[in-house]
Amino acid sequence: DAKTTQPNSMESNEEEPVHLPCNHSTISGTDYIHWYRQLPSQGPEYVIHGLTSNVNNRMASLAIAEDRKSSTLILHRATLRDAAVYYCILRVNSGNTPLVFGKGTRLSVIA
Amino acid sequence: DAGITQSPRHKVTETGTPVTLRCHQTENHRYMYWYRQDPGHGLRLIHYSYGVKDTDKGEVSDGYSVSRSKTEDFLLTLESATSSQTSVYFCAISDIRDRGLYGYTFGSGTRLTVV
C-alpha cells in the first residue's frame, strides 16, 4: 500500500472545526482515500472515503486536493466525543487488499 | 458493534497453552480479518479470509493460525501462547458493495494476557 503521512497529534477546542491533514504523494490512480477513527478502548470505525471529488456524510467531510497528493478530513464542529486517533489509509479498489493502518493522528478536544 | 461480536472479551492464559478467539458476524460479509494492536505498533494484520476456507497471511502471522468453516465464524488460534502475544485483538468484516466500494466494521476487541 502507498504510504500516508499524518501529524502525530492535534488539538482542537470544542465546537470549533477541525482539519486533519494527510499527505499521500505516491498515491496511484486506483487508490481510494479512506479515513477511520478509533475512540478510546474501542475498535476502529469507518468515517469516510473518496477517490477524486470531495465527499460529505453525517460524520465528516473529505476534501481531496486536485492532484490527489493530499487530503483533509474536516470535522465541522468538534465535540468531546470526537477525541480519537484518526487514520488516513490508501486502499486499492481491486479485489480485497486488506487495510494497512499507520500510526494516525491523535486528536484531543478541549472543552 | 452490531453484526459482529468477538469472544471472549477478556482472557488470561498461561504461556504454552492453546487459545482460540472467535469472531462471529451476522452480516453475511465475505471478508473477515484479524488484527492485533499494541502500544507503539498500531494495528497490524494477522490473517484474513476472503471466503469459506479461503485464508491468507498478514504482516504478523507467525504463531497464529485461522479457520473459517462457515461464513459467519472466523477463528484465531494461538497454538502455544507466548508473552509476546499479549495484545488486544480486533476482528473486522467487509464486503463488496455498489461500485466495489466497501468499508470495514470492527468488533469491540479481545484483550488477551499471556502470563
Side-chain angles (χ1 to χ4, degrees), chain A residues 1-9 22 28-60 62 64 73 84-107, chain B residues 1-6 9-10 21 23 25 27 29-51 54-61 66 74 87-111:
Chain A
D1 290 300
K3 186 175 175 60
T4 62
T5 304
Q6 300 178 252
N8 290 332
S9 61
C22 181
S28 71
T30 56
D31 287 337
Y32 281 76
I33 302 160
H34 284 245
W35 284 82
Y36 283 74
R37 73 178 186 179
Q38 186 172 18
L39 304 173
S41 302
Q42 295 188 27
E45 65 174 340
Y46 167 82
V47 177
I48 200 167
H49 76 276
L51 182 62
T52 57
S53 303
N54 294 344
V55 184
N56 301 296
N57 66 21
R58 63 174 181 82
M59 289 181 70
L62 176 60
I64 301 173
L73 180 71
V85 178
Y86 287 79
Y87 300 97
C88 170
I89 303 169
L90 299 183
R91 182 85 184 278
V92 176
N93 191 42
S94 60
N96 182 54
T97 306
L99 289 178
V100 176
F101 286 79
K103 298 290 177 65
T105 296
R106 182 174 297 279
L107 175 67
Chain B
D1 264 290
I4 177 172
T5 55
Q6 292 185 232
R9 290 296 311 277
H10 302 272
L21 308 183
C23 179
Q25 62 147 327
E27 304 294 326
H29 282 0
R30 177 179 176 184
Y31 305 105
M32 300 185 75
Y33 314 84
W34 277 108
Y35 289 84
R36 62 177 287 177
Q37 186 168 35
D38 307 287
H41 287 280
L43 281 142
R44 293 180 291 174
L45 181 68
I46 305 171
H47 281 280
Y48 63 102
S49 170
Y50 43 93
D54 290 322
T55 65
D56 207 346
K57 295 179 179 180
E59 176 190 1
V60 290
S61 59
V66 290
F74 192 32
S87 186
V88 179
Y89 291 84
F90 288 102
C91 177
I93 60 175
S94 74
D95 207 347
I96 295 175
R97 304 217 176 125
D98 294 342
R99 296 178 291 146
L101 306 176
Y102 44 103
Y104 284 26
T105 301
F106 281 82
S108 300
T110 293
R111 183 173 296 275

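Note that the structure is a prediction, hence the values are computed from the model and not measured. Basis for what follows: all heavy atoms, side chains included, without hydrogens, waters or symmetry-related copies. Protein chains get the first letters and strands the later ones, always in sequence-line order, with residue 1 at the start of each.
- Only the side chain of B:Q37 comes within less than 4.5 Å of a heavy atom of chain A; its backbone N, CA, C and O stay farther away.
- With a 6.0 Å radius and a threshold of 12 heavy atoms from other residues, nucleotides or ligands, B:R44 has its CZ atom above the threshold.
- For B:L43, the parts sitting under 4.5 Å from any heavy atom of chain A are the backbone and the side chain alike.
- The residue from B:Y33, B:Y35, B:Y48 that alone fulfils the side-chain contact (heavy atoms from CB on, under 4.5 Å) condition with A:L99 is B:Y35.
- In terms of heavy atoms, A:Y46 sits closest to B:Y104 at CB-O, 3.9 Å.
- Residue A:F101 holds its CZ atom at 10.0 Å from CZ of B:F90, rounded to the nearest 0.5 Å.
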